[in-house]
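The basis for the numbers below is simple: all heavy atoms, side chains too, and nothing from hydrogens, waters or symmetry mates.
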Amino acid sequence: QVQLVESGGGLVQAGDSLRLSCAASGRTFSNYAMGWFRQAPGKEREFVATISWNGGWKYYGDSVKGRFTISRDNAKNTVSLQMNSLKPEDTAVYYCAAGLIPFSSARTADFGSWGQGTQVTVSS
């Protein structure tokens with residue numbers, strides 16, 4: 001498995017931007033599709049964004065499409081999530097995930113490695 005550590009969370013106001021990063025170690029990072037998921041209190045884990053092993057294919061959840069951008073740097077073993085125009089409903093713990101899948105996926109079951117999560121809080 002690959003080890004993942006997220007960073008960049010915090011408290012921001014509605015309309016602000018935030019950039020999350022996820023550092024990977026332990027395995028060949030470029031073999032893995034990567035994803036971002038989030039979980040708010042009392043809710044199920046929700047798909048946010050995913051990117052293929054080479055960055056050529058990206059897919060977003062409907063609630064973040066047009067506001068969030070996922071990217072990766074295989075030379076630095078990192079994946080990032082740029083979050084713009086943040087809303088209070090974006091408040092959640094954000095998780096980075098890695099999966100050995102051909103392109104990518106929006107399903108949590110397809111990702112075998114997870115980070116510990118980073119809290120994002122958006123105030124109104």
Side-chain angles (χ1 to χ4, degrees):
Q1 288 188 341
V2 61
Q3 287 76 50
L4 304 171
V5 178
E6 302 96 336
S7 61
L11 172 63
V12 297
Q13 293 186 332
D16 285 351
S17 297
L18 204 58
R19 186 177 182 87
L20 305 182
S21 294
C22 174
S25 63
R27 295 286 184 175
T28 304
F29 179 70
S30 59
N31 288 345
Y32 290 82
M34 301 298 296
W36 286 96
F37 294 79
R38 67 187 182 185
Q39 189 164 19
K43 295 187 177 181
E44 292 187 354
R45 194 162 294 191
E46 175 191 15
F47 165 72
V48 175
T50 186
I51 188 168
S52 60
W53 66 274
N54 64 352
W57 192 86
K58 304 175 185 180
Y59 181 66
Y60 298 91
D62 288 341
S63 61
V64 306
K65 203 171 296 183
R67 299 187 297 122
F68 290 11
T69 302
I70 189 171
S71 60
R72 68 186 295 160
D73 186 337
N74 285 348
K76 296 182 178 179
N77 290 357
T78 59
V79 61
S80 298
L81 185 70
Q82 177 66 42
M83 305 185 294
N84 298 330
S85 302
L86 282 161
K87 304 175 181 180
E89 51 264 43
D90 294 320
T91 295
V93 177
Y94 283 70
Y95 297 91
C96 172
L100 286 171
I101 39 186
F103 291 99
S104 196
S105 172
R107 302 193 313 155
T108 57
D110 288 332
F111 292 86
S113 299
W114 293 81
Q116 82 290 348
T118 185
Q119 177 70 47
V120 172
T121 303
V122 184
S123 64
S124 57

Novice: Can you tell me how far apart CZ (Arg38) and OG1 (Thr118) are? Round to the nearest 0.5 Å.
Specialist: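 Output value for this atom pair is 14.0 Å.
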Novice: Parallel, tilted or perpendicular: which one describes the rings of Phe37 and Phe111, with boundaries at 30° and 60°?
Specialist: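 Aromatic pair Phe37/Phe111 classed perpendicular.
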Novice: Would you find more than 12 non-hydrogen atoms of other residues, nucleotides or ligands less than 6.0 Å from Arg67 atom CZ?
Specialist: yes
Novice: Which pairs, with at least one residue in residues 34-65 and sequence neighbours excluded, count as a disulfide bond (SG atoms under 2.5 Å apart)?
Specialist: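 Matches after skipping sequence neighbours: none remain.
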Novice: Between Met83 and Val64, is there a side-chain heavy-atom distance shorter than 4.5 Å?
Specialist: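 Contact flag for Val64/Met83 side chains = no.
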Novice: For a 4.5 angstrom cut-off between non-hydrogen side-chain atoms, does Ser63 reach Glu46?
Specialist: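 Of all side-chain heavy-atom pairs linking Glu46 with Ser63, at least one is under 4.5 Å.
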Novice: Which heavy atom of Ala24 sits nearest a heavy atom of Leu4, and at what distance?
Specialist: CB-CD2, 3.7 Å
Novice: Give a yes or no answer on whether the side chain of Glu6 reaches the backbone of Leu20 with a donor-acceptor pair at less than 3.5 Å.
Specialist: no
Novice: Side-chain atoms of residues 8-19: list all donor-acceptor pairs with protein atoms under 3.5 Å, sequence neighbours left out, distances to 0.1 Å.
Specialist:
unit_1 : atom_1 : unit_2 : atom_2 : d
Asp16  : OD2    : Gln13  : N      : 3.1
Ser17  : OG     : Asn84  : OD1    : 2.9
Arg19  : NH1    : Gln82  : OE1    : 3.2

Novice: Other residues, nucleotides and ligands only: do more than 12 of their heavy atoms fall within 6.0 Å of CD on Gln116?
Specialist: yes
Novice: Backbone N or O of Ser80 within a donor-acceptor pair of the Ser21 side chain at under 3.5 Å?
Specialist: no
Novice: Kindly compute the distance separating CE (Met34) from CD1 (Ile101), expressed to the nearest 0.5 Å.
Specialist: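 CD1 of Ile101 is found 10.0 Å from CE of Met34.
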Novice: How far does CD of Gln3 sit from CG of Asn77, to the nearest 0.5 angstrom?
Specialist: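 Rounded to the nearest 0.5 Å, the CD-CG separation comes to 11.5 Å.
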Novice: What distance separates Phe29 CZ from Lys76 NZ, expressed to the nearest 0.5 Å?
Specialist: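 Going from CZ on Phe29 over to NZ on Lys76, the span is 12.5 Å.
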Novice: How long is the straight-line distance from CZ of Phe68 back to OG of Ser85, given to the nearest 0.5 Å?
Specialist: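 Answer for the OG-CZ pair, Ser85 versus Phe68, is 9.0 Å.
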Novice: State plainly whether one hydrophobic cluster holds both Ile70 and Leu86, where clusters connect Ile, Leu, Val, Met, Phe, Trp and Tyr through side-chain heavy atoms under 4.5 angstrom apart.
Specialist: yes
Novice: Between Val122 and Thr91, what is the shortest heavy-atom contact and its length?
Specialist: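 Closest pair (atom of Val122, atom of Thr91, distance): N-OG1, 2.9 Å.
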Novice: Would Val2 end up clustered with Tyr94 when hydrophobic side chains under 4.5 Å apart are linked, directly or stepwise?
Specialist: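 In one cluster: yes.
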Novice: Can you tell me how far the CZ atom of Phe103 sits from the CG atom of Asp110, to the nearest 0.5 Å?
Specialist: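 So the gap between those two atoms works out to 13.5 Å.
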Novice: Look at atom CH2 of Trp114 and say whether more than 12 heavy atoms of other residues, nucleotides or ligands are closer to it than 6.0 Å.
Specialist: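 More than 12 within 6.0 Å, yes.
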Novice: Can a salt bridge be assigned to the pair Asp62 and Lys65 using a cut-off of 4.0 Å between side-chain N and carboxylate O?
Specialist: yes
Novice: Do Arg45's NZ or CZ and the ring of Tyr95 fall within the cation-pi criteria of under 6.0 Å and 45°?
Specialist: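 Judged by the rule (NZ or CZ under 6.0 Å from the ring centre, within 45° of its axis), Arg45 counts as positioned above Tyr95.
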Novice: What are the two closest non-hydrogen atoms of Gly61 and Phe47, and how far apart are they?
Specialist: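 Looking at all heavy atoms of both residues, the shortest contact is N-CE2, 3.4 Å.
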Novice: Donor-acceptor check, side chain of Gln39 to backbone of Ala92, threshold 3.5 angstrom: yes or no?
Specialist: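 Not at all, since once roles are kept as given, no pair shorter than 3.5 Å links the two residues.
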Novice: Would you say Ile51 ends up clustered with Leu100 if hydrophobic residues are merged whenever their side chains have heavy atoms under 4.5 Å apart, either directly or through other cluster members?
Specialist: yes
Novice: Around Lys43, counting heavy atoms of other residues, nucleotides and ligands shown, do more than 12 lie under 6.0 Å from its NZ?
Specialist: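 No - once you tally the heavy atoms of other residues, nucleotides and ligands closer than 6.0 Å, there are 12 at most.
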Novice: Side-chain heavy atoms nearer than 4.5 Å, only ILVMFWY residues, links allowed to pass through others: does that put Tyr60 and Trp53 together?
Specialist: no
